[in-house]
Q: 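This is the structure I have questions about; it appears just below.
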Amino acid sequence: LGFNDSYTLSVILVIFSFKIVLIVGTVLIGQVVGTLMATKKRQERMDREMARTAITAITQCRFPVVFISFSDLVSIGRFEKHEILRDKGMLRFLDNMSEAKEFTKDFPTLFVSHQWLGFKTPDPQNAHYEALIVAVNKLCSLHKLTPDKLFLWIDFVSIPQENDFIQKLAISSLGVYASICEHFVV
C-alpha cells in the first residue's frame with residue numbers, strides 16, 4: 001500500500017484527526033479542570049474568610065460593651081440616650097471580651113431587645129420602659145437575682161446615638177453583646 005492509495009490516506013487522516021481531537025480535548029479538559037480547581041480554592045478561601053468574620057463578630061468588641069445598672073435605669077424613669085447617661089457617669093464600659101466575661105462572673109446581665117415606637121426616641125410614651133421594669137422584676141424573682149446587682153444592655157442606652165461611625169461599630173458588635181449576657185428579654 002502506498003501513499004497514493006486513497007484508502008490508506010483516509011485511514012491516516014482519520015488517525016491524525018483523532019490525535020488532534022485527543023490533544024485538543026486533553027488541553028480543554030485540563031483548562032476546565034484547572035478552572036474548576038481554581039474556583040473551588042477561591043470558594044474555600046471565601047468560606048474561610050466568612051467563618052473568620054462570623055467568629056470575630058461574636059468574639060471581638062468593635063465598641064465597648066456598655067451596661068446600665070437596673071437601679072440606675074429605675075431612678076431615671078425612662079430610656080435615656082447613651083450620650084446623656086455617659087456624661088452623667090451612669091454607664092459601665094467594658095472594653096474587651098475578657099473584661100466583659102470577668103464582669104459577668106460577678107454581676108447578672110440582661111440583653112434587652114425591643115421595637116422602637118418612635119422615629120427619634122425608642123419609647124415616647126414609656127410603654128416599653130414600664131413593661132421592661134415589670135419583666136425585670138419578674139426575672140429577678142424567678143431566678144432569685146438581686147435587682148441592685150443586675151446590669152442591662154439596651155440599644156438606645158448602650159449604643160451611641162450621635163456619632164454614626166461609632167454607632168455602626170457598636171451595631172457590628174451586637175452578636176458579642178448578646179452572647180455575653182446571661183438573660184435575654186424581648
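Keep in mind that what you see is a predicted model, and the values were worked out from it rather than measured. One is the number of the first residue; the rest follow in order along the sequence.
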Q: Is there a donor-acceptor pair under 3.5 Å between the side chain of S173 and the backbone N or O of R62?
A: yes
Q: Apply side-chain contact (heavy atoms from CB on, under 4.5 Å) to the pair Q161 and I159, showing each step before the final yes or no.
A: CA-CA 6 Å; Q161 302 298 309; I159 293 179; 4.0 Å; yes
Q: For atom CD of Q115, is the number of surrounding heavy atoms from other residues, nucleotides or ligands below 6.0 Å larger than 12?
A: no
Q: Would you call E83-R86 a salt bridge at under 4.0 Å N-O?
A: no
Q: Establish, from distance only, whether the side-chain atoms of Q43 and D47 form a donor-acceptor pair under 3.5 Å.
A: yes
Q: How far does CD1 of I154 sit from CD of E80, to the nearest 0.5 angstrom?
A: 11.5 Å
Q: Can you tell me if S69 uses its side chain to pair, donor with acceptor, with the backbone of D72 under 3.5 Å?
A: yes
Q: Looking at N126 and Y129, would you say the former's side chain and the latter's main chain have a donor-acceptor pair under 3.5 Å?
A: no
Q: Verify, without hydrogens or angle tests, whether T109 (side chain) and F151 (backbone) share a donor-acceptor contact under 3.5 angstrom.
A: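 Answer holds: no.
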Q: As an exercise, state the distance from CG of L110 to CG of L132, rounded to the nearest 0.5 Å.
A: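 L110 CG to L132 CG: 6.5 Å, rounded to 0.5 Å.
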Q: Hey, mind stepping through C61 and E99 against side-chain contact (heavy atoms from CB on, under 4.5 Å) and telling me if it holds?
A: CA-CA 11 Å; C61 300; E99 193 177 331; over 6 Å; no
Q: With ring-ring contact (aromatic ring centres under 6.0 Å, His included) as the criterion, how do F67 and F103 come out once you've worked through the C-alpha distance, each side chain's angles and the decisive distance to 0.1 Å?
A: CA-CA 10 Å; F67 288 112; F103 181 81; 5.6 Å; yes
Q: On the 0 to 90° scale, with breaks at 30° and 60°, tag the W116-F156 ring pair as parallel, tilted or perpendicular.
A: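 W116 vs F156 ring planes: perpendicular.
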Q: Consider only side-chain N and O atoms of T146 and D148, and report whether a donor and an acceptor are under 3.5 Å apart.
A: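 No - no donor-acceptor pair under 3.5 Å links their side chains.
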Q: With salt bridge (charged side-chain N to carboxylate O under 4.0 Å, His left out) as the test, would you mind laying out the steps for E44 and K41 before giving the verdict?
A: CA-CA 5 Å; E44 287 172 352; K41 285 181 182 180; over 6 Å; no
Q: Just to verify, which of L142, L152, V112, L139 counts as forming a side chain to side chain contact (heavy atoms under 4.5 Å, CB included) with H183?
A: L139
Q: Taking atom CZ of F111 and atom CG of L174, what is their separation to the nearest 0.5 Å?
A: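 Reported value, rounded in 0.5 Å steps: 5.5 Å.
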